[in-house]
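These numbers come from the heavy atoms of this one structure, side chains and all, not from hydrogens, waters or symmetry mates. Convention: sequence-line order gives letters A, B, ...; per-chain numbering from 1.
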Amino acid sequence: MSVRVRMAPSPTGFLHIGNVRTALFNWLFARNKGGEFRLRIENTDTSREVEEATQQIQDSLRWLGLDWDGDVTFQLDRLQDCAAVAHRLVEEGKAYEDEGAIRFRMPDEGGTAWDDAVRGRIEFPNDKLEDLVLVRSDGRPTYNFASPMEDVWDGITHVIRGEDHISNTPKQINIIRAVGAEPPVYAHVSHVLGPDGKSLSKRHGSVTVDEFRHAGYYAPALMNFLALLGWSYDDKTTIMSRDELIERFSLDRVVPSPATFDYEKLDWLNGMYLRALSPEEYAAELVRYLRDEGYDWDEALIRRAAPIVQEKIERFGQFPDFAGFLFRDIEPDLALLNGAAPVVTAAREELQSVEPFAAPEIEAALRALADRLELSPRKAFEPIRVAVTGSKVSPGLFESLELLGREETLRRLSAAADRAAV
RNA sequence: GCCCCCGUGGUCGAACGGGCUAUGACGCCGGACUCUCAAUCCGGAAGUUGCGGGUUCGAGUCCCGCCGGGGGUACCA
């Protein structure tokens with residue numbers, strides 16, 4: 001029988017990173033098995049629904065590359081069906097009316113157990129299960145009723161969700177059995193913790209997929225990183241493509257303990273991915289990112305700048321700070337230019353006649369200049385870098401000057417020399 | 001309170017039903033390279049596997065008891 005899983009977020013806001021990791025595990029499992037991955041919006045709690053959340057969730061999943069099968073379904077659309085089942089349960093004596101609401105009769109002897117695909121056998125004593133409300137007095141089904149019913153109707157074979165649902169599971173299993181269906185396989189994955197050790201779940205603010213996107217992370221790298229949060233292929237493999245992840249993923253290698261989100265490692269991984277891109281791909285991704293973020297900088301220049309930043313920055317989000325001097329004027333920190341007026345002036349003189357105005361020729365000229373001034377390259381180039389890029393840290397100096405062009409380079413050198421002389 | 005889940009260096013994880021000096025990665029420290037920052041390449045430090053018992057020739061792996069963290073205990077999801 002084919003496998004079918006689902007991601008069932010509630011539309012209360014943006015997708016946070018913990019939820020996305022759960023979605024990723026569902027998706028990887030489905031794709032690995034050649035099954036289906038469905039997207040279902042659990043909007044029974046209308047009071048907390050956020051207008052644009054449904055769209056945001058889909059955008060985030062698409063950006064990460066998690067495609068779902070079939071149409072998106074909404075829990076609220078099943079309202080009538082749920083009510084019908086609840087009434088049937090009342091007729092069968094398995095549920096009863098309670099001040100306008102319908103309550104499910106939980107068994108009070110024995111226990112309810114299941115073999116969790118990541119945690120092994122879990123058992124709850126039935127006398128701890130309270131009769132739960134299936135349908136509120138206003139007619140809307142509750143989550144613990146609607147969710148398992150939808151799993152049944154949708155033919156969900158594996159429910160892969162966060163560990164906060166562990167204690168809901170015995171309730172849902174009893175409901176599913178009461179309607180004469182077979183419970184799916186459950187797999188409860190741990191939470192993702194923030195650097196503070198607190199869970200990144202919906203209740204504690206935290207990081208959304210959108211934030212990672214705006215920060216300039218590369219989706220395939222984020223996917224790779226997320227997959228490694230609680231799952232591993234073996235003890236050595238870190239970098240895996242989307243297809244490798246799909247091929248290798250399995251629930252039995254998902255660990256039950258919570259994982260702390262390590263931004264340093266994500267940054268490193270992201271850098272690895274960006275550096276591995278071909279120059280053309282890198283430039284295209286960079287342009288796309290800057291456009292998404294609203295920068296209207298000249299595309300040709302962005303593309304020319306791409307190669308000189310590729311191995312210097314690990315996120316596209318660092319580009320504006322790192323290479324922005326190519327696109328807008330700068331204001332060098334005078335303190336950094338202190339006493340450097342002679343070098344800057346000399347560099348200006350030297351660069352006036354360099355022909356062509358290209359990195360190799362610029363380098364030769366400036367090295368000769370440093371030599372003449374009896375300064376180490378390190379010493380001589382720093383003020384030039386500051387004068388032209390506005391910072392002590394920049395892409396390669398000679399390449400930067402070439403991209404900036406002779407005219408603008410000379411202008412900035414003059415301006416800096418004037419200011420430093422004051 | 002009660003029920004349930006979790007616990008390997010700072011972080012992520014490996015160690016198939018117990019067996020070589022606990023494997024790898026990020027980070028950190030040092031070195032090489034160097035126009036800054038990176039990248040890259042070498043090398044290093046870092047774990048009494050939460051604690052205490054027990055079983056065993058031998059335990060991160062099995063048993064018992066604690067401790068710590070988390071989740072649930074709603075006409076929230």
From the list [options], which nucleotide is the closest neighbour of the side chain of [X]?
| X | options | result |
| --- | --- | --- |
| A:Val255 | B:rA14, B:rG70, B:rC35 | B:rA14 |
| A:Thr142 | B:rA14, B:rA77, B:rC35 | B:rA77 |
| A:Glu42 | B:rC12, B:rA77, B:rC75 | B:rA77 |

Solution key, residues 363-375 of chain A side-chain donor-acceptor pairs under 3.5 Å, sequence neighbours excluded:
unit_1	atom_1	unit_2	atom_2	d
A:Glu363	OE2	A:Arg367	NE	2.9
A:Glu363	OE2	A:Arg367	NH2	3.1
A:Arg372	NH2	A:Glu350	OE1	3.0

Legend entry - Where protein sits on nucleotides 1-8 of chain B, one letter per nucleotide: B base, S sugar-phosphate only, - none, heavy atoms under 4.0 Å: -SSSSSS-
Inset, instruction - Give the B/S/- string for nucleotides 22-27 of chain B, one per nucleotide from 5' to 3', where a protein heavy atom under 4.0 Å of the base yields B, of only the sugar-phosphate yields S, and otherwise -. - result: -BBBB-
Inset, instruction - Round to a whole Å and report the spacing from CG of A:Leu397 to P of B:rC35. - result: 11 Å
Legend entry - Distance flag, aromatic centroids of A:Phe25 and A:Phe249, threshold under 6.0 Å: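 Yes, the ring centres sit under 6.0 Å apart.
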Inset, instruction - Decide if the gap between the ring center of A:Phe261 and the ring center of A:Tyr263 is smaller than 6.0 angstrom. - result: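 Ring centroids of A:Phe261 and A:Tyr263 are less than 6.0 Å from each other.
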Legend entry - First encountered from the 5' end of RNA chain B, between A:Pro11 and A:Phe261: A:Phe261
Legend entry - Separation between the P atoms of B:rG69 and B:rU23, rounded to whole Å: 31 Å
Inset, instruction - Could you work out the separation of B:rA32 and B:rU36 based on their P atoms and round it to a whole Å? - result: 13 Å
Legend entry - With A:Gln310 via side chain to side chain contact (heavy atoms under 4.5 Å, CB included) - residues at least two apart: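 Side chain to side chain contact (heavy atoms under 4.5 Å, CB included) list for A:Gln310, sorted by chain: A:Leu277, A:Tyr282.
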Inset, instruction - Could you name each residue pair satisfying salt bridge (charged side-chain N to carboxylate O under 4.0 Å, His left out) that touches residues 81-91 of chain A, not counting sequence neighbours? - result: A:Arg88-A:Glu92
Inset, instruction - Sort and list the pairs that fulfil salt bridge (charged side-chain N to carboxylate O under 4.0 Å, His left out) and have at least one residue in residues 305-324 of chain A, not counting sequence neighbours. - result: A:Asp267-A:Arg315
